[in-house]
Amino acid sequence: MTYKKRFDGREYDETRKIEVKAGVIKRADGSAMFKIGNTVAYAAVYGPRELYPRFMQDPEKGILRCNYNMMPFSGSGERVRPGPSRRAKEISMVTEKALLPVVDLGDFPNAVVDVFIELPQTDAGTRCAGICAASIALADAGIQMKDMVSAVSVGKVDDKLVVDLNYEEEAYEEGPVADIPIAMIPSTGELTLLQMDGEIKKDELLKAFEIGKKTLLRINEIQKKALKEKFKLEVE
Amino acid sequence: MTKEAKEIIIKYLKENNRYDGRKLDQYRDIVIEYDISKSAEGSARVKIGDTEVLAGIKLAVEAPYPDTPEDGNLMVGAELLPMSNPEFEGGPPGIDSIELARVVDRAIRESKAIDTKKLCIKKGEKAWAVMIDICPLNDSGNLFDAAALAAVAAVKNTKFPEYKDGIIDYKKKTNQSLPIKKLPVSVTIIKIGDYYLVDPINDEEKVIDARLTVALTEDNVICALQKGGDSPLSVDNVSKMIDIAAKKAAELRKKL
Amino acid sequence: MSELKVSEKDVVVPGEVIAEGMDFLPSSGTYRLGERILANRLGIIRIEGKVIKLIPLGGKYCPKKNDVIIGKVKDINFSGWMIDTSSAYHAMLSLKDATTDYVRKGADLTKYFNIGDYLVTQITNVTSQNLIDLTMKAPGLRKLRNGRIININPYKVPRVIGKQGSMVTMIKKATNCQIIVGQNGVIWLQGTPEGEILAVETIKKIEKESHMQGLTDRIQKYLDDNKLKNVNTEEERPQHHEEKYAKSEKVNEDDL
């Protein structure tokens with residue numbers, strides 16, 4: 001059995017349709033909406049601001065605190081009980097680790113930059129969408145960062161290396177599947193998020209990274225454009 | 001907020017003005033968008049000015065409550081998401097989230113907006129459960145009205161998923177809507193000094209003496225009331241506030 | 001061969017390549033990575049000879065010595081007042097810096113400044129941990145009474161003030177309001193409700209369009225189009241010292 005054609009007809013190195021907008025949440029210091037296929041992620045940034053509890057404060061620099069949450073009606077099946085699940089807590093943590101390497105909070109000792117990610121609709125690739133949205137939101141908030149972070153899932157469905165797996169592909173049962181969410185710093189090519197579910201050989205993994213890198217550079221262009229769009233106003 | 005902050009706002013109210021130039025009985029622009037979450041069985045986004053709230057509905061088949069064996073179940077949840085307001089803290093729902101959820105719940109439940117008898121599948125054993133969740137994205141004031149409107153809009157938008165042999169196929173939506181009998185609309189009126197205002201913004205919410213949320217159905221029947229704020233209201237106050245609510249409810253309902 | 005990848009006054013985002021080659025020098029808001037110079041914040045590019053600078057478009061206020069800001073009293077203890085500076089750091093106003101009066105031990109400090117009061121105050125010191133000391137003992141510093149407070153992006157403050165105060169003076173004249181602009185983005189205004197609303201709308205417009213061409217002309221037109229009905233141009237307004245302290249930034253903020 002081979003995976004001859006993707007379920008939704010895409011090319012193997014093609015992502016689903018992406019829609020992005022910056023500055024969507026007025027009260028936040030920075031915000032963005034990142035939609036890829038049927039996965040929608042909102043990110044809002046508050047900070048740098050005072051950090052409580054005190055014991056979490058770092059006297060050398062500000063800290064980054066991420067919170068990932070799926071809205072109760074965002075799952076493809078039953079309602080998801082509100083409140084952080086173990087999965088959500090883990091995603092919050094890897095999101096923070098994915099963004100931290102680019103962010104510079106040295107001017108803000110003892111303070112915190114809070115990143116909130118909420119998803120009203122999901123179809124796989126949620127943590128990557130969250131990271132993409134968060135990255136734009138951090139830049140929108142004026143945070144000092146040497147680059148943005150772009151994320152997408154790469155992987156393998158049966159015998160084909162693919163990019164941006166949707167739910168159907170993750171659940172593929174006719175052959176082996178590997179689902180590998182990655183995040184990258186575009187200017188250096190370094191990975192800040194790397195996880196994997198499934199089975200893959202090393203040479204296939206490295207090839208998947210190559211394809212992923214090209215995709216991530218394209219996604220980064222879209223992120224950059226969304227930020228600049230915000231400043232193109234129609235003047236009466 | 002201090003006494004002074006309130007006095008400054010009253011200075012505006014004396015000239016029939018508010019901080020954003022609105023009149024006292026004027027709502028900000030209201031925009032309702034349906035079907036904003038394909039994962040939900042029904043959903044809507046409501047924007048009142050910059051305040052933005054999402055509501056989504058999930059359906060499930062459960063045992064009906066023992067004291068109402070012929071009725072389906074209704075549940076409303078709300079979370080004051082920290083992304084929507086820098087003053088909201090994360091963690092389990094505080095009393096403000098709970099109040100918001102229960103006030104929206106009452107309007108829908110008590111108006112019998114949804115004919116829960118028609119949700120019954122097998123008396124005493126199986127019935128549809130309608131679970132409404134309210135998620136504010138941006139709180140620029142008046143979450144009560146935005147949430148209530150979003151919940152009712154989501155109810156209107158809901159379609160049953162396919163249900164065969166005791167199993168729900170969430171991926172297949174039927175054409176069948178929820179059995180809706182009424183469309184309740186909530187209007188929150190706040191009182192600052194001797195003035196009544198609708199659709200408060202954040203600065204106004206901080207200086208209220210009292211507030212009254214009034215839910216009304218199409219035939220002007222009051223189906224829910226909630227008084228908030230630290231100061232008491234006279235019967236005359238309440239009467240005037242209900243009159244304002246009735247007028248505004250008709251305007252809001254046109255947006256659905 | 002060095003090459004500029006963007007133009008003067010372009011909006012750039014973190015990680016964007018501004019120039020290639022070793023001839024250019026990265027200054028604030030930019031950094032060198034190998035052969036290239038990249039932006040490390042969202043901002044606007046300024047090129048001065050071979051030096052590439054970035055003017056940030058947003059961010060939280062960074063407290064600086066000698067800045068005159070508007071702060072809000074958050075708390076009082078026996079040694080002074082804790083002030084909210086609209087940044088990640090609160091500031092301390094100690095007894096000795098607050099007043100020239102002799103203050104007895106155990107005196108009621110709320111008589112001077114109470115919780116919720118807004119103060120025009122000056123930063124005298126910022127430690128490495130961003131602990132801030134304030135003083136009220138200089139001309140023009142005072143407690144603010146009445147009037148309205150709004151918050152804007154602190155990076156837009158120079159544009160709201162204008163070269164030598166030209167922009168804020170234009171707004172004051174057209175709206176007949178007193179206006180004090182704190183370097184931390186907190187602005188106090190006082191006039192009639194109609195005047196205040198126009199002033200707030202104008203300031204918000206500047207905030208939104210600050211990076212675009214011909215700002216001064218557009219703002220002048222906006223003020224003319226929305227002229228107040230009862231502007232008493234003969235009224236003598238008292239000269240306030242804030243005009244001296246509302247410094248524009250030394251950067252070449254000529255009109256875009």
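Each chain gets a letter, A, B and so on, in the order the sequences are listed, and its residues count up from 1.
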Check: When rounded to the nearest 0.5 angstrom, what distance separates CG in B:L54 from OG in A:S74?
Finding: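 Going from the CG atom of B:L54 to the OG atom of A:S74 covers 11.0 Å.
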Next item on the list: For the pair A:Y42 (side chain) and B:L137 (backbone), establish whether a donor and an acceptor sit closer than 3.5 Å, ignoring hydrogens and angles.
Entry: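 Absent.
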Checklist line | Donor-acceptor under 3.5 Å (B:K58 side chain, A:V80 main chain) | finding: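 The answer is no, because no donor-acceptor pair under 3.5 Å joins these two groups.
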Let's test your reading of the structure: which of [options] forms the most heavy-atom pairs below 4.5 Å with chain B?
| options | result |
| --- | --- |
| A:G75, A:A43, A:A28, A:G47 | A:G75 |
| A:M71, A:K26, A:R27, A:R49 | A:R27 |
| A:A44, A:S31, A:P72, A:G77 | A:G77 |

Are any of the side-chain heavy atoms of [X] and [Y] separated by less than 4.5 Å?
| X | Y | value |
| --- | --- | --- |
| B:L81 | A:N69 | yes |
| A:F73 | B:C135 | yes |
| B:E41 | A:R79 | no |
| A:Y52 | B:E89 | no |
| A:E78 | B:Y170 | yes |

Notebook entry, point to check: Of all of B:P86, B:P161, B:A40, which one pairs up most often with chain A through heavy atoms under 4.5 Å apart?
Noted result: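 Most heavy-atom pairs under 4.5 Å with chain A: B:P86.
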In terms of heavy-atom contacts, does [atom1] of [X] have more than 12 from other residues, nucleotides or ligands at under 6.0 Å?
| X | atom1 | answer |
| --- | --- | --- |
| B:F160 | CZ | yes |
| A:K21 | NZ | no |
| B:D67 | CG | yes |
| B:K23 | NZ | yes |
| B:R22 | CZ | yes |
| B:K112 | NZ | no |
| A:K160 | NZ | yes |

Next item on the list: Please state whether the side chain, the backbone, both or neither of B:D169 comes within less than 4.5 Å of a heavy atom of chain A.
Entry: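 Answer is neither: B:D169 stays 4.5 Å or more from chain A.
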Note to self: Please classify the contact of B:S84 with chain A as side chain, backbone, both or neither, using a heavy-atom distance under 4.5 Å.
What the structure shows: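 Only the backbone of B:S84 comes within 4.5 Å of chain A.
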Notebook entry, point to check: Minimum heavy-atom separation for B:E79 to A:P82, with atom names?
Noted result: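 Taking every non-hydrogen atom into account, OE1-CB, 3.5 Å.
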Notebook entry, point to check: So which bits of residues 105-124 of chain A come within less than 4.5 Å of chain B, counting non-hydrogen atoms only?
Noted result: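 Those residues of residues 105-124 of chain A which have a heavy atom under 4.5 Å from chain B are A:F116, A:E118, A:P120, A:Q121, A:T122.
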